[in-house]
Amino acid sequence: MTTTAQDNSPKRKQRIINCVTQLPYKIQLGESNDDWKISATTGNSALYSSLEYLQFDSTEYEQHVVGWTGEITRTERSLFTKEAKEKPHDLDDDPLYLTKEQINGLTTTLQDHMKSEKEAKTDNTPTTSAINNVHPVWLLRKNQSRWRNYAEKVIWPTFHYILNPSNEGEQEKNWWYDYVKFNEAYAQKIGEVYQKGDIIWIHDYYLLLLPQLLRMKFNDESIIIGYFHHAPWPSNEYFRCLPRRKQILDGLVGANRICFQNESFSRHFVSSCKRLLDATAKKSKNSSDNDQYQVSVYGGDVLVDSLPIGVNTTQILKDAFTKDIDSKVLSIKQAYQNKKIIIGRDRLDSVRGVVQKLRAFETFLAMYPEWRDQVVLIQVSSPTATRTSPQTIKLEQQVNELVNSINSEYGSLNFSPVQHYYMRIPKDVYLSLLRVADLCLITSVRDGMNTTALEYVTVKSHMSNFLCYGNPLILSEFSGSSNVLKDAIVVNPWDSVAVAKSINMAFKLDKEEKTTLESKLWNEVPTIQDWTNKFLTSIKELASSDDDVERKMTPALNRPVLLENYKQSKRRLFLFDYDGTLTPIVKDPAAAIPSARLYTILQKLSADPHNQIWIISGRDQKFLNKWLGGKLPQLGLSAEHGCFMKDVSCEDWVNLTEKVDMSWQVRVNEVMEEFTTRTPGSFIERKKVALTWHYRRTVPELGEFHAKELKEKLLTFTDDFDLEVMDGKANIEVRPRFVNKGEIVKRLVWHQHGQPQDMLKGISEKLPKDEMPDFVLCLGDDFTDEDMFRQLNTIETCWKGKYPDEKNQWGNYGFYPVTVGSASKKTVAKAHLTDPQQVLETLGLLVGDVSLFQSAGTVDLDSRGHVKNSESSLKSKLASKAYVMKRSASYTGAKV
Ligand SMILES: O=P(O)(O)OC[C@H]1O[C@H](O[C@H]2O[C@H](CO)[C@@H](O)[C@H](O)[C@H]2O)[C@H](O)[C@@H](O)[C@@H]1O
Ligand SMILES: [Mg+2]
């Protein structure tokens with residue numbers, strides 16, 4: 001009998017790679033080249049407290065934080081250096097050319113900072129191990145805020161129901177390219193950090209492309225990616241206004257789980273997937289009894305649900321009830337003796353509802369004269385990054401006018417009912433305001449989750465010595481937090497009268513009523529610990545359940561790699577299916593004709609003597625001749641799923657089924673006729689060899705039902721004739737079994753590139769490899785195209801055995817079998833493109849019509865966001881060297 005030894009080794013912690021838009025630090029360069037100043041950033045308090053929790057308190061997880069450094073600036077004092085005095089403007093837009101040593105030094109400073117934070121949290125117990133889990137994403141290009149433009153100026157407004165007047169102009173296009181690069185820089189950094197088994201957790205709308213990018217990069221089915229969307233998700237009516245809506249959804253659905261702040265945001269998201277990506281979704285309930293959806297589309301089997309973010313209630317209470325804050329509260333109380341205090345703290349942007357709040361307060365003073373002189377509204381509005389934009393300036397003016405008009409109407413020489421502070425306030429002042437408030441008023445017209453509301457309820461849950469326990473909260477129904485704090489006094493901020501009435505009602509609540517309200521509300525505040533653990537637990541469950549289910553996700557085609565390989569190859573073969581690949585599927589087969597764009601691209605591709613292009617279609621010769629052969633004679637054509645072939649620059653077709661008995665056509669036609677009569681809208685397409693029964697124009701349920709029946713009937717006799725009955729896209733097609741698209745592919749690859757074909761001769765596997773194609777892009781949407789992909793895979797396996805040392809720099813032979821359609825579809829292709837539009841974009845990229853950053857791939861970038869080793873990267877490197885020399889000279893006083 002054997003006994004198993006007990007495993008006493010410490011359990012390995014689950015590694016989490018947490019990807020945030022910006023590291024939780026503000027980074028500044030001081031007097032000298034290595035004088036880094038690190039301080040905490042403001043904003044995103046809930047997310048950063050989750051990072052802190054994972055970093056310092058969680059015993060289950062080992063966290064690695066990947067984030068952009070944010071704009072690296074100079075400290076105020078360093079502006080007074082000799083150089084700064086001489087050339088003040090130079091330093092203002094200092095592009096911060098950093099040397100490798102400086103980058104390493106800064107990384108160490110960040111790690112050390114994290115280490116000392118940990119020591120402070122753990123009561124100064126020195127941390128023995130180094131903390132190597134901050135991984136900065138470097139993007140040091142001039143105008144560092146460029147990386148924010150698309151997210152903040154295009155996505156953010158749309159997600160908050162603000163439509164930009166313009167569509168895709170040049171400027172917006174450049175913003176988009178920077179957005180793509182921003183995401184790519186993350187993919188690259190994660191590539192350096194990732195270990196098999198890690199969970200990748202991505203946060204918010206700056207990183208919407210990252211999930212799919214990671215899938216492309218790792219090409220590893222077991223990789224687990226979770227995404228949490230902190231902002232609101234708009235209804236499809238708004239979302240679909242984004243010119244890049246498809247790319248955005250495509251990027252996102254690379255995740256295994258996509259989670260929102262509440263059910264309506266997840267519902268909107270699913271609706272966008274259904275409408276824009278033709279997704280299907282199954283709805284059920286998750287363990288918290290919230291709606292969850294199993295979305296099948298690009299990246300099939302994506303779990304979509306909601307989990308409202310929380311706050312660190314323990315820490316808030318610890319920070320809010322200190323002696324120092326007691327005295328601050330007292331002084332505020334004294335300043336407004338015998339007055340009720342309403343507080344508000346919002347960012348000053350158009351969706352936080354500061355204007356609505358002021359209007360409601362004005363209405364309140366007008367409607368209830370008894371409260372005049374008895375109430376003060378302390379409104380702290382913090383400036384946003386867009387402070388200098390015309391919209392924010394206009395908003396600022398509007399707010400100032402309202403404040404002045406309320407104060408002049410209802411104030412006096414020694415009292416102003418509105419105290420407006422347009423500034424960021426320190427945490428202790430903020431906590432003092434929460435404590436001192438008799439009422440908190442939140443009137444945002446749209447937000448994801450308003451953490452002020454959660455923090456206020458937390459502070460009011462504490463039996464404070466200033467008798468403000470349970471003071472009420474008025475909360476906008478448009479705020480994400482109203483889905484959580486269901487027992488707040490919920491108002492419509494657009495209805496000033498209703499808000500005014502609610503303020504009056506709130507002031508009249510007696511102690512008991514307040515206590516009841518607060519005790520309910522307090523139970524509704526989610527904690528950050530809970531939120532973090534719930535999110536990660538469900539992601540882990542997803543990871544383990546995936547082991548049981550046979551699930552395969554085909555990554556999106558890595559277009560930058562394709563482009564690079566294309567450029568470096570000399571014998572290129574293109575194998576294109578037609579319907580559903582080069583043209584979108586339409587109701588009438590005769591209407592699916594090539595677009596002008598397709599012609600241009602095919603013309604450009606075939607103009608390159610290194611390229612050979614073949615269209616391998618289920619269509620008949622007549623159709624292909626008319627629309628492709630006649631107009632682009634330089635293409636090779638194959639009709640009826642491989643029954644016929646016409647070589648490049650040749651006029652004659654070869655019939656590969658010449659010797660086949662066609663008597664079956666009569667019988668098949670009879671059966672199809674019978675079904676056509678029974679199914680209104682259906683029709684038969686009679687080709688030279690194949691017969692196709694189409695039911696796209698029928699009542700869908702009836703068409704599908706009869707298609708199934710027809711197939712069963714045909715299968716009863718087609719074996720006798722060695723025929724194949726194929727389920728196409730809303731069609732049933734019958735043709736001889738021995739021909740298929742794969743046979744054509746075999747013939748074309750095992751062939752001396754560029755030489756005429758002898759269609760009736762067999763293939764030779766003895767050809768030298770350097771005479772055969774070194775780049776094959778094969779695209780198809782249907783299951784008949786799987787034969788082509790399978791054939792390419794077989795040839796690749798064969799070459800692996802024959803030419804193990806002749807792979808290219810990407811570790812393959814330049815074969816790209818790519819399916820057009822969803823990532824979840826069963827396929828033997830190695831990658832997918834979503835639809836014919838993406839196909840044209842990809843081919844456009846190869847012929848130079850489309851920018852590399854039109855959509856995401858996985859491009860290696862240098863630390864300044866240029867494509868590695870590109871011309872701009874080299875130029876920037878030289879400029880950087882010169883700049884660094886100049887700078888060190890100015891520090892040492894030397895002349896350059
Ligand atoms: O191999 P392909 O080039 O993709 O051709 C496959 C079949 O395509 C055509 O039918 C399909 O496209 C039509 C136009 O979009 C659509 O109306 C129909 O429902 C689809 O099944 C064509 O008519 C068939 O002959 C091809 O076999
Ligand atoms: Mg097709």
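Quick note: numbers below take in every heavy atom, side chains included, and nothing from hydrogens, waters or symmetry partners. Note that ligands are numbered from 1 as they come in the structure, with each ligand's atoms numbered from 1 the same way. None of the values given here were measured: they were computed from a predicted structure.
- Annotation: cation-pi pair R257/Y227 absent, no NZ/CZ under 6.0 Å from the ring centroid and within 45° of its normal.
- On a distance-only criterion, I585 and ligand 1 share no N/O pair closer than 3.5 Å.
- Under the 30°/60° scheme for interplanar angles, the aromatic rings of F721 and F717 are found to stand perpendicular.
- Considering CD of E733 and CD of E685, their distance stands at 7.0 Å, rounded to 0.5 Å.
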Q. Could you go step by step and tell me if F239 and I248 meet the side-chain contact (heavy atoms from CB on, under 4.5 Å) rule?
A. CA-CA 10 Å; F239 181 74; I248 287 175; 4.0 Å; yes

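- At the shortest separation from atom 21 (O) of ligand 1 among protein heavy atoms lies K729 O, 2.5 Å.
- Nearest non-hydrogen protein atom to atom 19 (O) of ligand 1 is R696 NE, 2.6 Å.
- Between F574 and F576, the gap from one ring centroid to the other is short of 6.0 Å.
- Among N731, D781, D579, the residue whose heavy atom sits closest to atom 12 (O) of ligand 1 is D579.
- Below 4.0 Å from some heavy atom of A592 lie the following atoms of ligand 1, by number and element: 14 (C), 15 (O).
- The shortest distance between side-chain heavy atoms of D620 and K688 does not fall below 4.5 Å.
- The nearest protein atom to atom 3 (O) of ligand 1, hydrogens excluded, is given as S617 OG, 2.6 Å; this is a heavy-atom distance.
- The shortest heavy-atom contact between Q612 and G754 is NE2-CA, 3.7 Å.
- Close approach of ligand 1 to E733 (heavy-atom distance below 4.0 Å) involves ligand atoms 27 (O).
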Q. Taking it one step at a time, do L575 and L779 satisfy side-chain contact (heavy atoms from CB on, under 4.5 Å)?
A. CA-CA 6 Å; L575 308 167; L779 304 174; over 6 Å; no

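- Protein heavy atom in closest approach to atom 10 (O) of ligand 1: H694 CE1, 3.5 Å.
- Below 3.5 Å of separation, one finds no N or O of A730 facing any N or O of ligand 1.
- Closest heavy-atom approach to atom 26 (C) of ligand 1 among the candidates K687, E685, K587: K687.
- Nearest protein neighbour of atom 4 (O) of ligand 1, counting heavy atoms only, is D577 OD1, 2.7 Å.
- Exactly one of W810, W799, F775 qualifies for a ring-ring contact (aromatic ring centres under 6.0 Å, His included) with F815. That residue is W799.
- For the Mg ion (ligand 2), the nearby protein N/O/S atoms, meaning those under 2.8 Å, are D577 OD2, D579 O, D781 OD1.
- For the pair H694 (side chain) and I732 (backbone), a donor-acceptor distance under 3.5 Å is absent.
- For ligand 1 and Y578, the ligand atoms under 4.0 Å from any heavy atom of the residue are 3 (O).
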Q | Worked verdict on T554 versus K830 for side-chain contact (heavy atoms from CB on, under 4.5 Å) | A | CA-CA 7 Å; T554 313; K830 298 276 170 60; over 6 Å; no

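- Remark: distances from the non-hydrogen atoms of E640 to ligand 1 are all 4.0 Å or more.
- When each of I593, I615, I613, L582 is tested with L628 by the rule side chain to side chain contact (heavy atoms under 4.5 Å, CB included), just one qualifies, namely I615.
- Look at V586 and you'll find a heavy atom under 4.0 Å from some atom of ligand 1.
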